[in-house]
Amino acid sequence: QVHVVESGGGLVQAGGSLRLSCATSGSIFTIRTMGWYRQAPGNQRELIASVTSGGRTDYADSVKGRFTISGDRAKGTVYLQMNSLKPEDTGVYYCKVYASTARSPYSNNDYWGQGTQVTVSS
């Protein structure tokens with residue numbers, strides 16, 4: 001069983017910053033990628049930022065230059081530093097880990113957290 005838990009959301013004024021954290025626990029064997037997704041009201045969940053096991057990062061165009069993803073694959077943690085926040089960044093932020101488990105070390109699956117709310121006021 002793999003557990004993913006996000007934290008760090010909250011209410012912030014436009015222009016402010018927040019740092020989201022994601023911690024994993026359970027029988028993880030190898031983490032392949034870790035990512036942050038955002039779901040705004042009425043919208044589909046979208047990929048915001050991701051980091052691979054090799055350290056390559058990717059960002060949605062809407063957050064490039066403002067958000068930074070970092071992770072510690074050995075510890076199973078990933079962070080999202082969000083600066084210069086805008087009202088359109090409001091939404092529920094989800095952490096997703098693509099990993100294998102000790103029980104199935106050669107089979108990778110997605111594991112999601114429950115999400116953390118980020119609200120940016122204008």
Inter-residue atom distance R32.CZ - S53.OG, 0.5 Å rounding: 6.5 Å

Can you list the steps and then say if W36 with V78 is a side-chain contact (heavy atoms from CB on, under 4.5 Å)? CA-CA 9 Å; W36 287 96; V78 62; 3.8 Å; yes

Are the side chain of S50 and the backbone of G35 linked by a donor-acceptor contact shorter than 3.5 Å? no

Show the numbers, then the answer: is there a side chain to side chain donor-acceptor pair (under 3.5 Å) between T77 and D72? CA-CA 5 Å; T77 56; D72 187 329; 5.0 Å; no

Measuring only between side-chain heavy atoms, which start at C-beta, is N108 closer than 4.5 Å to F29? no

Test side chain to side chain donor-acceptor pair (under 3.5 Å) on Y37 and K96 and set out the steps. CA-CA 8 Å; Y37 290 70; K96 190 194 81 171; 3.2 Å; yes

Just jot down the side-chain hydrogen bond (donor to acceptor under 3.5 Å, both in side chains) partners of K64, sequence neighbours excluded, or say none. D61

Would you find more than 12 non-hydrogen atoms of other residues, nucleotides or ligands less than 6.0 Å from E46 atom CD? yes

Would you kindly check if the NZ (Lys) or CZ (Arg) of R45 is within the cone defined by 45 degrees around the ring axis of Y94 and under 6.0 Å from the six-membered ring centre? yes

Check whether any side-chain N or O of E6 sits under 3.5 Å from a backbone N or O of Q114 as a donor-acceptor pair, and report yes or no. yes

Side-chain touch I69/Q81, heavy atoms, less than 4.5 angstrom: no

Determine whether L85 and L18 make a side-chain contact, defined as any pair of heavy atoms from C-beta on separated by less than 4.5 Å. yes

For S107, is there any backbone N or O sitting under 3.5 Å from a side-chain donor or acceptor partner on S104? no

So, do C22 and V4 sit near enough that their side-chain heavy atoms are less than 4.5 Å apart? yes

Taking C-beta and beyond as the side chain, do I48 and F67 meet within less than 4.5 Å on heavy atoms? yes

Main-chain N/O of T119 paired with T90 side-chain donor or acceptor, under 3.5 Å: no

Evaluate the side-chain proximity of R38 to D89: yes if any heavy-atom separation is below 4.5 Å, no if none is. yes

Test your reading of the model: is there a side-chain donor-acceptor pair from R66 to the backbone of S84, 3.5 Å cut-off? yes

Verify, without hydrogens or angle tests, whether S100 (side chain) and T30 (backbone) share a donor-acceptor contact under 3.5 angstrom. yes

